[in-house]
2 protein chains.
Amino acid sequence: MTPLAKMKRALPEGQDIPEPILNRMGFLLNRAAYKLRETMERALAPHGLTGKDLGILLFIREKGALPQQEIGKCMHVDRTTMVDIIDDLEKRGLVERKSHPTDRRAHAIYLTARGKEILPQALHLGKAAERKFLSLLPARDRKEIFRILKHLVLSHHLHEANKE
Amino acid sequence: MTPLAKMKRALPEGQDIPEPILNRMGFLLNRAAYKLRETMERALAPHGLTGKDLGILLFIREKGALPQQEIGKCMHVDRTTMVDIIDDLEKRGLVERKSHPTDRRAHAIYLTARGKEILPQALHLGKAAERKFLSLLPARDRKEIFRILKHLVLSHHLHEANKE
DNA sequence: TATTGTTATACTCTATAACTATA
DNA sequence: TATAGTTATAGAGTATAACAATA
C-alpha cells in the first residue's frame, strides 16, 4: 500500500476528504498555506509579527532602503496597504522612514537598530516553524517541494515581468 | 546552469526576488495559491463561481446531502460563513436546502438539477485552468507536486483528526 | 445542557478615489 | 502630466455573540 493510501485508511469515519477534492491544486495549496500560517503565527507570537511582516523585513534587509511602493510591488502588496504595514512596523520601532536621496516625494525605508537585532531571531523562529510544518515529509520530498514551487513561482513571475 | 538559475538571470533589473525570500515556504505557497486563484477566477467567470464554490459543490456531490456544518468542517469554513455561501449558491439555483431526514434542526444540502448540470462543465473549466497554471512545469514535476502536497496536507489532517 | 441554523455585529484585509507634494 | 505617500472610505471575507428550534 502507498503511504497516501495508508494515511487515508487511518482517518476516523466521516473525516475523510474525498479524492476529487484532494486532487484539486487549489485545495492543496490553500490548505497547506493556511496550516503553515497557523504554525508561523504561533512561532512568531513572541515578536508579534506575522509571516508577511517577516517577509517584508527580510526584503528590506536584502534590497536595502527602498520606497514603499518598490517593496509592495515585489511582495504583492497594494501601496495603500503598505502605508499601514510600514506604520505598524515603525510604531514597533523595527523600521523607519527617512527621506529618499534623489526623490523628495518618496520615503526610503530602513531597518532600525532594533529591527536589525530582532530580525535574525525572528527568522530563526520562522525557519523552525517551517521545518516543523514540513517535518511530516521525507527529507527527499522536502527538497523536491522547494525546488518545484520555486520553479513554478519564478516561471509565473518571469512571465508577468516580460509582459510589461 | 540549472533551470532556476537561468530563469533568474532572465529577469529585468530590479525585478528579481531575493533568494532568502524565495526560500520561504510561506512566500512560495501563498504566491502560488494567489496566482492559481487569479487563473481560476477568470476560467470560472462564465459560471460566476469561485474556486471555493466549485470545491463545495464537488464536496456535496461526493459526500451526498449533508448538514451545512458538516460541509464547513471539512472545507474549513465557519458555520456562519457557510450560511452566506449556501444562501448564494441557492439563489443561483445550484443547491437547495431540504429537511434533514433524522435531525429537524439541520438542513440537508442537495445539488439541484441545474447544479448537477453545470458542475461537470465548471469542473472541466477548473481542470483546464489548473493545467494552464502548471503548464510551465515539466510533466514529471507536475506529478510530483501533487503527490507531495497530498502527502503533506493529509498528514496534517490526520494529525488534527486524531487530536479530537 | 448541547447543537443547527440564523442574525447582527465587528474586525481584518484589501482596494478605490481623492488629496498633497513633488517630479 | 504623472508619480509617492497619505487619507477616507467601502467592499470582501471571516469570526464572535446571542437567539430560536430542536436534540
Side-chain angles (χ1 to χ4, degrees), chain A residues 14 26-27 29-31 33-35 37-38 40-41 44-45 48-56 60 63 65-91 95-110 164, chain B residues 14 26-27 30-31 33-35 37-38 40-41 44-45 48-56 60 63 65-92 95-110 164:
Chain A
F27 178 83
L29 286 175
N30 283 300
R31 182 59 63 94
Y34 179 86
K35 186 71 200 167
R37 204 173 304 133
E38 270 188 344
M40 194 58 74
E41 218 91 324
L44 296 178
L49 292 172
T50 64
K52 190 179 223 167
D53 290 334
L54 185 53
I56 286 173
I60 295 169
K63 301 273 272 189
L66 288 174
Q68 295 173 190
Q69 296 196 36
E70 284 295 310
I71 304 170
K73 221 178 281 174
C74 182
M75 303 298 283
H76 269 203
V77 178
D78 186 84
R79 64 194 178 122
T80 62
T81 308
M82 275 308 296
V83 175
D84 290 342
I85 293 178
I86 299 296
D87 276 356
D88 188 54
L89 293 175
E90 200 169 31
K91 259 178 226 143
V95 304
E96 56 184 334
R97 292 171 163 98
K98 292 188 178 173
S99 56
H100 191 280
T102 60
D103 188 338
R104 290 174 57 197
R105 295 170 305 180
H107 295 146
I109 311 298
Y110 287 82
E164 287 145 23
Chain B
F27 178 83
N30 283 301
R31 181 60 62 94
Y34 179 86
K35 186 70 201 167
R37 204 173 305 131
E38 270 188 345
M40 194 58 73
E41 218 91 324
L44 295 178
L49 292 171
T50 65
K52 190 178 223 170
D53 290 334
L54 184 53
I56 287 174
I60 296 169
K63 302 273 273 189
L66 287 174
Q68 293 173 191
Q69 297 197 36
E70 285 293 310
I71 302 169
K73 220 177 283 172
C74 181
M75 302 298 282
H76 269 203
V77 178
D78 186 84
R79 64 194 176 122
T80 61
T81 308
M82 276 307 297
V83 175
D84 290 342
I85 293 177
I86 299 296
D87 275 356
D88 187 55
L89 292 175
E90 199 170 31
K91 258 177 226 144
R92 298 180 199 213
V95 304
E96 56 184 334
R97 291 172 164 98
K98 292 188 179 175
S99 56
H100 192 280
T102 60
D103 187 338
R104 290 174 57 196
R105 295 169 306 180
H107 295 146
I109 311 298
Y110 288 81
E164 287 145 23

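In this text the structure is predicted, and so the values were computed from the model without any measurement.
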For every nucleotide of nucleotides 18-23 of chain C, 5' to 3': is a protein heavy atom under 4.0 Å from its base (B), only from its sugar-phosphate (S), or from neither (-)? B--BBS
Counting only side-chain heavy atoms from C-beta out, which of D:dG5, C:dT4, D:dA15 sits nearest to B:Pro67?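 The answer is C:dT4, which lies nearest to the side chain.
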Note: A:Lys73-A:Asp78 ion pair, threshold 4.0 Å (strictly below):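 No.
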I'd like to know if B:Asp87 pairs up with B:Arg92 as an ion pair, taking the criterion as any Lys NZ or Arg NE/NH1/NH2 lying under 4.0 Å from an Asp or Glu carboxylate oxygen. no
Taking atom [atom2] of [N] as reference, at what distance in whole Å does atom [atom1] of [X] sit?
| X | N | atom1 | atom2 | result |
| --- | --- | --- | --- | --- |
| B:Asn30 | C:dT14 | CG | P | 10 Å |
| B:Glu41 | D:dA12 | CD | P | 13 Å |
| A:Ile86 | D:dT7 | CD1 | C1' | 17 Å |

Using a cut-off of less than 4.0 Å, is there contact between a side-chain N or O of B:Gln69 and OP1 or OP2 of C:dT3?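 Checking B:Gln69 against C:dT3: no side-chain N or O falls below 4.0 Å of OP1 or OP2.
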Tell me whether A:Glu90 contacts the main-chain N or O of A:Arg97 through its side chain, where contact means a donor paired with an acceptor under 3.5 Å.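 Checked: pair present.
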Flag, side chain of A:Asp88 to backbone of A:Asp84, donor-acceptor distance under 3.5 Å: no
Does a side chain donor of either B:Asp53 or B:Thr50 reach within less than 3.5 Å of an acceptor in the other side chain? yes
Taking five pairs at each end of the helix from C:dT1-D:dA23 to C:dA23-D:dT1, what angle separates the two helix axes (nearest 10°)? 0°
